[in-house]
There are 2 protein chains.
Amino acid sequence: MTTSPTRMDAPTRREQILKEAARLFAERGFHGVGVDEIGAAVGISGPGLYRHFPGKDAMLAELLVGISERLLAGGRLRVAESDGDPAALLGALVDGHIDFALDDRPLITLHDRELDRLKDEDRKRVRQLQRQYVELWVEAVRALHPAADEPEARAAVHAVFGLLNSTPHLRTPLARPALEHLLRNLAHGALASLAR
Amino acid sequence: MTTSPTRMDAPTRREQILKEAARLFAERGFHGVGVDEIGAAVGISGPGLYRHFPGKDAMLAELLVGISERLLAGGRLRVAESDGDPAALLGALVDGHIDFALDDRPLITLHDRELDRLKDEDRKRVRQLQRQYVELWVEAVRALHPAADEPEARAAVHAVFGLLNSTPHLRTPLARPALEHLLRNLAHGALASLAR
DNA sequence: GCCGTACGTTAACGCTCATTAACCGGACAA
DNA sequence: TTGTCCGGTTAATGAGCGTTAACGTACGGC
């Protein structure tokens with residue numbers, strides 16, 4: 001661990017690289033982007049990246065592991081804050097996921113698109129983090145809708161992720177608050193259908 | 001046009017290739033799959049594919065244009081059959097999209113993942129078909145929920161697509177009818193939130 | 001019996017691209 | 001002043017891969 005991810009000073013070169021790499025990978029796919037391009041995006045050229053990362057794979061790995069960890073950490077925080085109120089928890093999970101999806105659209109895209117390009121070890125780690133995050137949601141959903149059995153709740157959670165993660169593909173004139181509001185309503189509308 | 005896509009005789013070599021290419025592209029991405037691999041999947045080797053397609057790009061193009069055309073054709077058919085009943089139309093659109101998503105999971109994945117790999121001309125064609133399909137949905141949604149303005153309806157339609165298209169990512173023990181039922185309920189639940 | 005077409009094969013070409021080598025200037029501590 | 005990281009540079013390397021060349025075989029029509 002070099003520096004904390006939450007600061008307000010200028011972004012380090014490393015962070016610039018990660019940010020631009022995320023954007024480019026999301027736009028044209030991992031294999032569709034060359035290291036020279038990533039370098040150019042931060043003002044250095046090609047092999048200069050190797051002063052900061054052992055390879056192209058490592059950038060993707062760090063991005064995907066990072067997203068998954070932040071999602072899970074955020075989810076756990078909300079569980080802890082919810083004090084056992086299922087409705088409040090699910091609301092907080094939805095809001096948190098929306099914030100994340102709208103803040104980091106490129107990362108969301110990468111998250112379900114480029115997982116297979118990782119080395120076995122990294123892929124396992126990301127999958128494990130994703131699984132735990134889903135688990136959080138499944139438990140929250142089932143607490144609120146006991147009528148739904150486990151596989152049903154799990155599929156519904158995946159579907160709601162698909163709904164919320166649709167925003168990167170979208171070029172809409174809607175202002176951010178309106179979009180947040182809309183997504184929240186859609187998500188809760190979908191989940192409400194589990195009540196029977 | 002060589003042969004009709006709806007027959008019951010053995011699939012032609014061309015069709016085998018398209019099917020396997022779709023699967024492989026969906027699994028590992030367009031750039032992640034080599035022509036030798038596609039060839040191997042149908043029992044011939046690498047360059048033999050060039051007897052059936054002018055190049056790797058052409059396979060992707062035919063797949064994406066094909067999906068988009070079938071989706072749009074299906075949508076138009078349902079509009080024609082709905083006789084102006086908005087609720088029935090939206091129900092039919094949802095059911096049709098679910099069928100498609102569950103029948104052709106690899107294609108659904110490709111559809112929103114590899115569009116940028118196409119030559120300009122093909123990409124334009126696919127985008128235009130997609131746009132028209134979305135338009136169908138937007139009109140159906142607005143007919144049923146006049147309270148929603150146009151950008152809102154459009155964003156909601158994209159979100160519902162995200163919801164319905166989430167199934168390829170999913171490995172669920174749910175049987176197909178149960179999954180169809182669940183997705184239908186989730187989609188209608190989400191859309192119902194537009195009623196205010 | 002002959003010929004053209006359809007459909008394969010393997011070998012070679014050429015380009016792209018990640019990675020490595022070799023080199024360099026500047027900041028800065030001793 | 002001198003030495004040593006740090007963060008760059010450009011040039012070379014080497015693998016992978018799409019595509020083309022050159023060649024072979026079965027078969028259907030005439």
Side-chain angles (χ1 to χ4, degrees), chain A residues 1-3 9-64 110 114-123, chain B residues 1-3 9-64 110 114-123:
Chain A
M1 194 172 317
T2 54
T3 59
D9 46 50
T12 162
R13 176 54 45 106
R14 225 185 122 78
E15 290 166 325
Q16 293 178 43
I17 294 172
L18 283 176
K19 185 177 163 199
E20 295 303 306
R23 185 178 55 79
L24 290 167
F25 288 161
E27 278 173 11
R28 299 208 292 287
F30 180 68
H31 291 296
V33 178
V35 290
D36 288 353
E37 238 170 324
I38 303 174
V42 299
I44 72 182
S45 237
L49 295 172
Y50 286 72
R51 298 291 168 196
H52 305 275
F53 294 91
K56 193 185 168 193
D57 297 351
M59 301 178 205
L60 183 63
E62 185 156 333
L63 284 170
L64 292 186
L110 286 186
E114 308 282 2
L115 184 58
D116 321 323
R117 276 52 151 188
L118 260 48
K119 296 194 308 290
D120 271 23
E121 180 198 345
D122 294 321
R123 188 169 54 251
Chain B
M1 193 172 315
T2 53
T3 58
D9 46 50
T12 161
R13 176 52 48 101
R14 226 185 122 78
E15 289 167 325
Q16 292 178 44
I17 294 172
L18 284 175
K19 185 178 163 199
E20 294 303 306
R23 184 179 56 79
L24 290 167
F25 289 160
E27 277 173 12
R28 300 209 291 288
F30 179 68
H31 290 296
V33 179
V35 290
D36 288 354
E37 238 169 325
I38 303 173
V42 298
I44 72 181
S45 233
L49 296 171
Y50 285 72
R51 298 292 170 193
H52 304 273
F53 295 91
K56 192 185 167 193
D57 297 351
M59 301 177 206
L60 183 62
E62 185 156 333
L63 284 171
L64 292 186
L110 287 186
E114 307 283 1
L115 185 59
D116 321 323
R117 276 51 149 187
L118 259 47
K119 296 195 309 290
D120 273 22
E121 180 200 345
D122 293 322
R123 187 170 54 251

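Every chain is numbered from 1, with letters handed out A, B, ... down the list of sequences.
A donor-acceptor pair is defined here as one N or O able to donate and one able to accept, closer than 3.5 Å; no such pair exists between the side chain of A/K119 and the backbone of A/D57. Judged purely by atom type and a 3.5 angstrom limit, A/E62 has no side-chain atom pairing as donor or acceptor with the backbone of A/M59. For the pair B/K19 (side chain) and B/R14 (backbone), a donor-acceptor distance under 3.5 Å is absent. Formation of a donor-acceptor pair under 3.5 Å by the A/E114 side chain with backbone atoms of A/F30 is found in this model. Using modelled atom types, no side-chain atom of B/E20 and backbone atom of B/I17 make a donor-acceptor pair closer than 3.5 Å.
Straight-line distance from the NE2 atom of B/H31 to the P atom of D/dG16: 18 Å, rounded to whole Å. The NZ-C1' distance, from B/K56 to D/dG16, rounds to 11 Å in whole Å. Here D/dG24 presents its P atom at 14 Å from CZ of B/R51, a figure rounded to the nearest Å. Straight-line distance from the CG atom of B/L49 to the C1' atom of C/dT10: 15 Å, rounded to whole Å. In this structure, the CZ atom of B/F53 is 12 Å from the P atom of C/dG8, given to the nearest Å. Put simply, CG on B/D36 is 14 Å from C1' on C/dG8, counting in whole angstrom units. A/R117 has its CZ atom 17 Å from the C1' atom of C/dA18, to the nearest Å. If you measure from atom CZ of A/R14 to atom P of D/dC6, you get 14 Å, rounded to the nearest angstrom.
Within the 4.0 angstrom heavy-atom criterion, no nucleotide atom of any strand lies near B/V42. Looking at heavy-atom distances under 4.0 Å, A/G46 makes no contact with the nucleic acid at all. Across all strands shown, A/G34 has heavy atoms under 4.0 Å from sugar-phosphate atoms exclusively, and none from any base.
Nearest nucleotide to the B/Y50 side chain, out of D/dT20, C/dT19, D/dC23: D/dT20. Which of C/dA18, C/dG8, D/dA21 sits closest to the side chain of B/P47 comes down to D/dA21. When the nucleotides D/dT9, C/dC7, D/dT19 are ranked by their closest atom to the side chain of B/H52, C/dC7 comes out on top.
Considering only side-chain N and O atoms, B/R13 lies under 4.0 angstrom from the phosphate OP1 or OP2 of C/dG8.
Comparing A/S45 and B/D57 by the nucleotide of DNA chain D that holds the closest heavy atom to each, the one mapping nearer the 5' end is A/S45.
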